[in-house]
Amino acid sequence: MKLQELTKPWMAFNYGFLDESAKREMRRRILKAVAVPGYQVPYASREVPIARGWGTGGLQVTLTLLKPTSVVKVIDQGSDDSVNASSIRKFVARVGGAVETEDTMAATIIQSRHRIPEEKLRDDQILVLQVPNPEPLRPVQPDMSVAREMHGDADYGQLWLVLYEQLVKSGRIMQGSSYPSMVNGRHVMTPSPIPRWDVPKLNQADHLTILSAGREKRIFAVPPYTRVEPLVFDDVPYRVEDHQDKTCYRSNVTGFFMNELPQDDGSSQYELSDSHFGVKHIRKSEAETVEIGETWYNNGRMD
C-alpha cells in the first residue's frame, strides 16, 4: 500500500470551516442561551484545528457568527500578539475572509481568553469569552446531575458558604478569577477566568456576551442590558483589584488593570494588561491621530 492511496482527494472546506449543520445547531443553542441568561445550554462541540482547552468553544462561536464583513479581534489575557491569539485570528481570517484587527473599537467580533478590553463595547459588537470550566457549582458539587438539580432549584447555598468560609479564615473573600455571579436574578454563572476587575463590565452592558466551553460542551450568554451581580454579602461590598496607583512603564497610563513584572532586583514593574490599549496611548503621546474609546474605569474606579 502506498501513501498516495491513503490520502483523500483535495476538497475545499466550507465557509467558516464548520459545516452548515454544525452552524445551525450552534445558532439554535446561542438563541436559547440568550433567551435564558446565564443558563448552560449543552451542544455538540465539533473538532477544530486546535486542542481542546485552548479556545475551541470560543472559536466555534466565532466561526458560527462569521460573515465576510466581520472584523475580528482575538486576545489572550489582554494580549493581541500571543501565539494562541495570533493563530486563531489568522485562522478565522483565512477560512472566512474576515478582516483582522487589534483595535477594540474597529472589531465587530472580539474573542477573548481571561480578559475584557478596557474600552467600552458598543451594541453592534459581540464579545466571545473562552471558558475552561463553565460550572460554578463544581467546587462544591462534583456530581453534575446533582448540580443541574441545584441550578433548577436556584439552590446556591453552598456557594455562599464557600465565600463565608473565605471571609472567616482570611478576613476577605479570596476568590480571584471566575467570581460566581448572578445573572438576571436567576442563574449563577462563572464568568470565565476573567479577574474581578472585569466582572462589573458585564452588568447592564450594551453588547452581547457569549461564553462557550468546547471541552465541557456548554454555552451560556449575557444579553445586552442584563443584570450581572457578583455574589456578595450586604455588609461586605464587592472589591476589584486595587490598581488605582499602578502606572504602566511603557505607556505611562495609570488606573487600569496591570500585569506585574518582577525584576531581578526584587522590585516590580507594571504593564497594561490590555496591550493594544497601551499601544494607542503610546502612539497618542507621539502625536499620532488615534481614536481611544470611552473606558469602563476612570482612575481605577468604575464610572
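Residue numbers count from 1 along this sequence. Please read these numbers as outputs of a predicted model, since none were measured by experiment.
- When the side chains of ILVMFWY residues are joined at heavy-atom separations under 4.5 Å, either directly or via intervening members, Leu167 and Val188 end up in a single hydrophobic cluster.
- Applying the salt bridge (charged side-chain N to carboxylate O under 4.0 Å, His left out) rule to Arg122 yields the partners Asp124; only residues at least two apart in sequence or on another chain are considered.
- In terms of the salt bridge (charged side-chain N to carboxylate O under 4.0 Å, His left out) criterion, residue partners of Lys23 (sequence neighbours excluded) are, by chain and number, Glu20.
- For the pair Gln263 (side chain) and Leu261 (backbone), a donor-acceptor distance under 3.5 Å is present.
- In this structure, Lys246 is positioned above the aromatic face of Tyr270, its NZ or CZ under 6.0 Å from the six-membered ring centre and within 45° of the axis.
- With sequence neighbours left out, His187 forms a ring-ring contact (aromatic ring centres under 6.0 Å, His included) with Tyr39.
- Heavy-atom minimum distance, Val253 versus His281: CG2-CG, 3.4 Å.
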Checklist line | Worked verdict on Gln60 versus Ser45 for side-chain contact (heavy atoms from CB on, under 4.5 Å) | finding: CA-CA 8 Å; Gln60 290 177 74; Ser45 179; 2.9 Å; yes
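- Contact check on Arg29 versus Glu25 returns a salt bridge, with a Lys/Arg side-chain nitrogen under 4.0 Å from an Asp/Glu carboxylate oxygen.
- Side-chain polar atoms of Glu119 and Thr295 form no donor-acceptor pair below 3.5 angstrom.
- Through ILVMFWY side-chain contacts below 4.5 Å, Met105 is grouped with nothing and stands alone.
- The aromatic rings of Trp296 and His207 lie perpendicular to each other, with more than 60° between the two planes, well past the 30° mark.
- A salt bridge is defined here as a Lys NZ or Arg NE, NH1 or NH2 lying under 4.0 Å from an Asp or Glu carboxylate O, and Glu291 with Lys280 fails to meet this definition.
- Between the side chain of Asp274 and the backbone N or O of Glu118 there is at least one donor-acceptor pair closer than 3.5 Å.
- Closest approach of Leu272 and Phe256 over heavy atoms only: CD2-CB, 3.6 Å.
- Arg138 has a carboxylate O that lies under 4.0 Å from a charged side-chain N of Glu216, or vice versa, which qualifies the two as a salt bridge.
- Although no hydrogens or angles enter the test, the distance criterion places a donor-acceptor pair under 3.5 Å between the side chain of Thr226 and the main chain of Pro223.
- Taking all atoms of both residues into account, the shortest heavy-atom contact from Thr62 to Gln111 is OG1-OE1, 2.8 Å.
- Under the side chain to side chain contact (heavy atoms under 4.5 Å, CB included) criterion, Gln204 pairs with Tyr225, Arg227, not counting sequence neighbours.
- Ser82 and Gln77 share no donor-acceptor pair across their side chains, judged by distance under 3.5 Å alone.
- Each of His151, Arg148, Gln141 was checked for a side chain to side chain donor-acceptor pair (under 3.5 Å) with Glu135, and the lone residue meeting it is His151.
- Residue pairs meeting the ring pair (Phe, Tyr, Trp, His ring centres under 6.0 Å) criterion with at least one partner in residues 79-107, sequence neighbours excluded, are Phe17-Phe91.
- Residues Asp81 and Ser86 bring no donor and acceptor atom of their side chains to less than 3.5 Å of each other.
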